[in-house]
Student: 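Quick one: the structure is below, questions incoming.
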Amino acid sequence: MATVAFLGLGVMGFPMAGHLAAADHSVTVFNRTPAKAQTWADTHNGATQPTPREAAAGCDFVMACVGNDDDLRSVCLGGNGAFAGMSKGAIFVDHTTVSAKVTRELAAIAAEMGIGYVDAPVSGGQAGAENGVLSVMCGGSDADYASAKPVMQAYGKIVKRLGEVGAGQTAKMCNQIAIAGLVQGLSEALHLAEKSGLDGEALVDVISGGAAGSWQMVNRHKTMLADHYEHGFAVDWMRKDLAICLEAADDVGASLPVTALVDQFYKDVQKMGGGRWDTSSLLKRLKAFD
């Protein structure tokens, strides 16, 4: 059993913190909306505190799953930030998808304070968080990762270290790049099938077991064919992630032409009013040109 603080109770953080409590860890939560934190505490027989600093005080591990770089800085730094409440030897684990740049910035500050740091973005979506089967991509020292891994396994089916601090965020960018290209390809395939008079469901039955098969095809084709896009990761969040991908590519001299193109396609979806639609809504963009 570990003493854990969890900062951020969105669609991912709420169930992730719940899995920690179910694994018999002692969990204290913080959320910017206090009512949501209280709901979590009532549901999982846990505790809540009004600031990250108070939530983190005395904890072995502090997990965060917030929105973006600025959100992460706000829960870590300042008089009420988590770092101010953490003891030397405690470990901060960041599950937010943010830039490797802010990760290294915060890890350096943590190191000066004697605090360990693991960047550990996740993949698997809301369903993965609720079912406790996320993939967790980690960066950090061997020692910090080894300490944090057993705790993360409460919600991680795969928990793997890929290198030093920042490696987890870089891996998550690779994940988002792969998804963007896959979803565009799937959208184009379903669009051609429909325009050609093929049964989309029958098509997927035939091709999903071969080289064209993917998680996106298996788990999203039905809702895409039904023109229903209220599932999974939102377009607004994907564009935030792809911006990080493209910036990181510039930093290291990598070329991401397909990613840049799909990012613009998602921009079109936002202009259609689909910022909160899930990422499979690229098909709706294609249909808009009919």
Side-chain angles (χ1 to χ4, degrees), residues 8-16 32-33 36 65-71 95-98 121-131 133-135 172-195 198-201 203-204 207-208 212-247 256-290:
L9 300 172
V11 295
M12 302 293 287
F14 196 104
M16 290 167 72
R32 286 184 298 186
T33 306
K36 180 172 275 190
C65 191
V66 292
N68 54 40
D69 287 21
D70 290 339
D71 293 333
H95 291 305
T96 315
T97 298
V98 292
V122 299
S123 180
Q126 184 176 349
E130 291 172 351
N131 294 320
V133 292
L134 294 168
S135 294
K172 180 60 183 287
M173 293 306 102
C174 295
N175 182 81
Q176 302 304 75
I177 290 166
I179 289 173
L182 282 169
V183 175
Q184 178 62 22
L186 175 59
S187 297
E188 292 181 14
L190 294 179
H191 187 54
L192 176 61
E194 180 181 354
K195 297 291 284 185
L198 292 181
D199 182 302
E201 188 66 49
L203 172 71
V204 171
I207 70 175
S208 61
S214 67
W215 185 98
Q216 296 291 334
M217 182 178 291
V218 172
N219 290 276
R220 287 286 175 263
H221 77 274
K222 290 184 183 294
T223 51
M224 292 170 75
L225 290 171
D227 198 36
H228 190 238
Y229 302 107
E230 303 300 326
H231 305 271
F233 196 59
V235 166
D236 286 342
W237 290 113
M238 180 57 113
R239 286 215 71 210
K240 182 265 290 185
D241 290 357
L242 294 183
I244 295 172
C245 294
L246 295 169
E247 181 180 0
L256 304 179
V258 173
T259 303
L261 184 61
V262 176
D263 178 56
Q264 291 305 301
F265 293 164
Y266 279 126
K267 185 177 182 180
D268 291 342
V269 175
Q270 288 176 317
K271 290 179 179 178
M272 294 166 59
R276 300 306 301 170
W277 296 342
D278 70 68
T279 52
S280 67
S281 56
L282 287 173
L283 178 56
K284 196 170 186 71
R285 173 190 171 274
L286 290 172
K287 290 182 176 182
F289 295 113
D290 290 350

Student: Measure the spacing between CE of Met272 and NZ of Lys267 and express it to the nearest 0.5 Å.
Tutor: 15.5 Å
Student: For Gly10 versus Pro15, what's the shortest heavy-atom pair and its separation?
Tutor: O-CD, 4.0 Å
Student: For Glu130, which residues count as a salt bridge (Lys or Arg N to Asp or Glu O under 4.0 Å) partner, sequence neighbours excluded?
Tutor: none
Student: Restricting to side-chain hydrogen bond (donor to acceptor under 3.5 Å, both in side chains), what partner residues turn up for Ser280, sequence neighbours left out?
Tutor: Asp278
Student: Sequence neighbours left out, what passes ring-ring contact (aromatic ring centres under 6.0 Å, His included) with His231? Give chain and number order.
Tutor: His228
Student: Minimum heavy-atom separation for Ala129 and Leu134, please, with both atom names.
Tutor: N-CD2, 3.4 Å
Student: Taking salt bridge (Lys or Arg N to Asp or Glu O under 4.0 Å) as the definition, give me every residue that meets it alongside Lys271, ordered by chain and number, with sequence neighbours left out.
Tutor: none
Student: Out of curiosity, His221 NE2 to Leu225 CG, how far, rounded to the nearest 0.5 Å?
Tutor: 6.0 Å
Student: Is Glu230 paired with Arg276 through a side-chain N to carboxylate O contact shorter than 4.0 Å?
Tutor: no
Student: Any side-chain heavy atom of Ile244 within less than 4.5 Å of one from Gln176?
Tutor: no
Student: Return the NZ to OG1 distance between Lys172 and Thr96, rounded to the nearest 0.5 Å.
Tutor: 9.5 Å
Student: From Trp215 CH2 over to Leu182 CG, what is the distance, rounded to the nearest 0.5 angstrom?
Tutor: 11.0 Å
Student: Decide whether a cation-pi geometry holds between Arg239 and Tyr266; the criteria are a distance under 6.0 Å from NZ or CZ to the six-membered ring centre and an angle within 45° of the ring axis.
Tutor: no
Student: Asp263 pairs by side-chain contact (heavy atoms from CB on, under 4.5 Å) with which of Leu242, Asp241, Leu256?
Tutor: Leu242
Student: Can you tell me how far apart CG (Asn175) and CD1 (Ile179) are? Round to the nearest 0.5 Å.
Tutor: 4.0 Å
Student: Hey, does Val235 have a side-chain heavy atom less than 4.5 Å from the side chain of Ser281?
Tutor: yes
Student: Using salt bridge (Lys or Arg N to Asp or Glu O under 4.0 Å) as the criterion, list what pairs up with Asp236, not counting sequence neighbours.
Tutor: none
Student: Can you find a heavy atom in the side chain of Met12 that is under 4.5 Å from one in the side chain of His95?
Tutor: no
Student: Taking all non-hydrogen atoms of both residues into account, name the closest pair between Ala193 and Leu203 and its distance.
Tutor: CB-CD2, 3.6 Å
Student: Could you tell me the separation between the CG atom of Leu282 and the CZ atom of Arg220, rounded to the nearest 0.5 Å?
Tutor: 13.0 Å
Student: Hey, are the side chains of Leu261 and Gln184 touching, using non-hydrogen atoms and a 4.5 Å cut-off?
Tutor: no
Student: Do the side chain of Asn131 and the main chain of Val133 share a donor and acceptor less than 3.5 angstrom apart?
Tutor: no
Student: For residues Cys245 and Met173, report the shortest heavy-atom separation together with the two atoms involved.
Tutor: SG-SD, 3.4 Å
Student: Please identify each residue that fulfils side-chain contact (heavy atoms from CB on, under 4.5 Å) with Leu186, with sequence neighbours left out.
Tutor: Leu190, Gln216, Met217, Met224
